[in-house]
Enquirer: 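This structure is in structure tokens; I'll ask about it shortly.
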Amino acid sequence: MRPLLGRSLVAVARGTHLGPCRLGHRGRPAAPLGSRILTQPEHVFRHNMWDHVQWSEEEKDAARQKARENSAERVPREEQDKYDRDAHKFWDDFYGMHQNKFFKDRRWLFLEFPELLPPNPDCGAARAGQSGSNESAEAAGSSFRILEVGCGAGNSVFPIITSIRDGRAFLYCCDFSPRAVQLVKEHPDYDPSLCHAFVQDVCEETASFPFPPCSLDVILAVFVLSSIRPERVQSVLHRLAQHLKPGGIFLFRDYGRHDLSQLRFKKGQCLSDNFYARQDGTCVYFFTADEVRRLFTSAGLTELQNLEDRRLQVNRGKKVVMRRVWMQAKFQKPQTTPTDVTHQP
Ligand SMILES: C[S@@+](CC[C@H](N)C(=O)[O-])C[C@H]1O[C@@H](n2cnc3c(N)ncnc32)[C@H](O)[C@@H]1O
């Protein structure tokens with residue numbers, strides 16, 4: 001995945017080379033960051049992915065029409081509740097079936113989200129682990145703390161662990177599927193001195209986390225909030241935001257409105273607008289940038305980035321072109337102002 005890095009989409013769309021050139025896996029320079037722009041339609045099968053694809057008005061209309069059609073017939077009301085009530089069971093069965101073979105490692109993590117790591121090795125003076133909570137002893141020694149919610153089988157966890165082996169950071173990760181958490185703990189790279197994996201449903205209002213409020217530098221949610229019934233997402237964000245330090249950052253990547261996977265749903269799988277149940281019982285919502293902004297700012301966070309990542313994914317063998325839409329956002333908890341400090345008890 002080529003990083004977006006909050007650069008101007010206009011600049012990127014013009015093919016401006018704004019980032020350092022990377023070497024491809026055979027040592028050849030990779031395409032300039034985010035600038036693989038399809039300018040000549042007849043070249044579409046030359047690459048597997050094209051960046052920043054513009055949709056014509058006809059294509060937008062066709063996508064809207066497809067979503068209208070596949071959501072015209074909904075999951076019967078009497079069946080709707082089970083998708084929310086048993087969500088953890090559906091995901092647990094998913095990991096029973098697929099183990100850790102389904103999702104790929106999120107290798108793009110640090111390109112898109114460099115905030116995941118401490119800024120530099122000298123910034124560890126202020127120890128956050130002195131708050132006297134029930135946090136783990138290992139974490140108490142690390143000044144930089146990350147939480148991944150809905151970590152699944154660890155496709156972000158292990159790239160992060162590999163990057164924090166110097167002990168500058170501590171990673172918490174949770175999922176409401178006990179099997180997923182077990183897969184993380186059984187992984188050969190799992191190291192309790194760097195990471196604490198635990199079972200937790202983030203929708204639970206009484207969720208108790210193994211760290212105190214205002215203690216996290218980063219929260220990461222990758223394709224997780226989309227699994228949650230839309231009516232619940234706001235309160236989940238409120239609760240999670242309370243655990244960010246002032247200045248802490250929430251990193252979000254998820255499905256965008258009218259992504260190919262939304263348009264592929266069949267009639268009868270729609271639960272509510274833009275929210276669908278898959279055959280295996282897991283659910284997925286498709287966000288817009290306005291919704292993402294509203295959700296995170298209502299949780300008291302300030303927008304740093306909020307992008308729609310529109311790509312053309314190409315299956316060159318089958319000569320098939322797929323329109324993908326992903327959301328990527330970064331929101332920050334405001335720093336406490338001097339005035340606020342004065343008025344704190
Ligand atoms: C699409 S998977 C993504 C997994 C992982 N973040 C990744 O990128 O590979 C969604 C994950 O969110 C978890 N999840 C969904 N709702 C959750 C909730 N309310 N609390 C905790 N985990 C949840 C699921 O169990 C599943 O592992």
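For ligands, and for the atoms within them, numbers begin at 1 and follow the listed sequence.
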Enquirer: Output the set of protein residues with a heavy-atom contact under 4.0 Å to ligand 1, ordered first by chain identifier and then by residue number.
Expert: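 Residues within 4.0 Å of ligand 1: W91, Y95, F103, R106, E148, G150, C151, G152, N155, D175, F176, Q200, D201, V202, C203, V222, F223, V224, S227, I228.
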Enquirer: Grab the two heavy atoms, one from V184 and one from C173, that are nearest each other, plus how far apart they are.
Expert: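 Shortest heavy-atom contact: CG1-SG, 4.3 Å.
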Enquirer: Would you confirm whether the ring centroid of F90 sits within less than 6.0 angstrom of the ring centroid of Y83?
Expert: yes
Enquirer: Is NZ or CZ of K319 both nearer than 6.0 Å to the six-membered ring centre of F45 and within 45° of the ring axis?
Expert: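 Verdict for F45: a cation-pi partner in K319.
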Enquirer: I'd like to know if the side chain of R293 pairs up with that of T297 as donor and acceptor (distance under 3.5 Å, no hydrogens or angles considered).
Expert: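 Judged by distance alone, the side chains do not pair up.
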Enquirer: State whether the number of non-hydrogen atoms from other residues, nucleotides or ligands found under 6.0 Å of K318 atom NZ is greater than 12.
Expert: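 No.
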Enquirer: With F250 as reference, evaluate L147, V218, I219 under the side-chain contact (heavy atoms from CB on, under 4.5 Å) test and give the passing residue.
Expert: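 Only one option passes, and that is I219.
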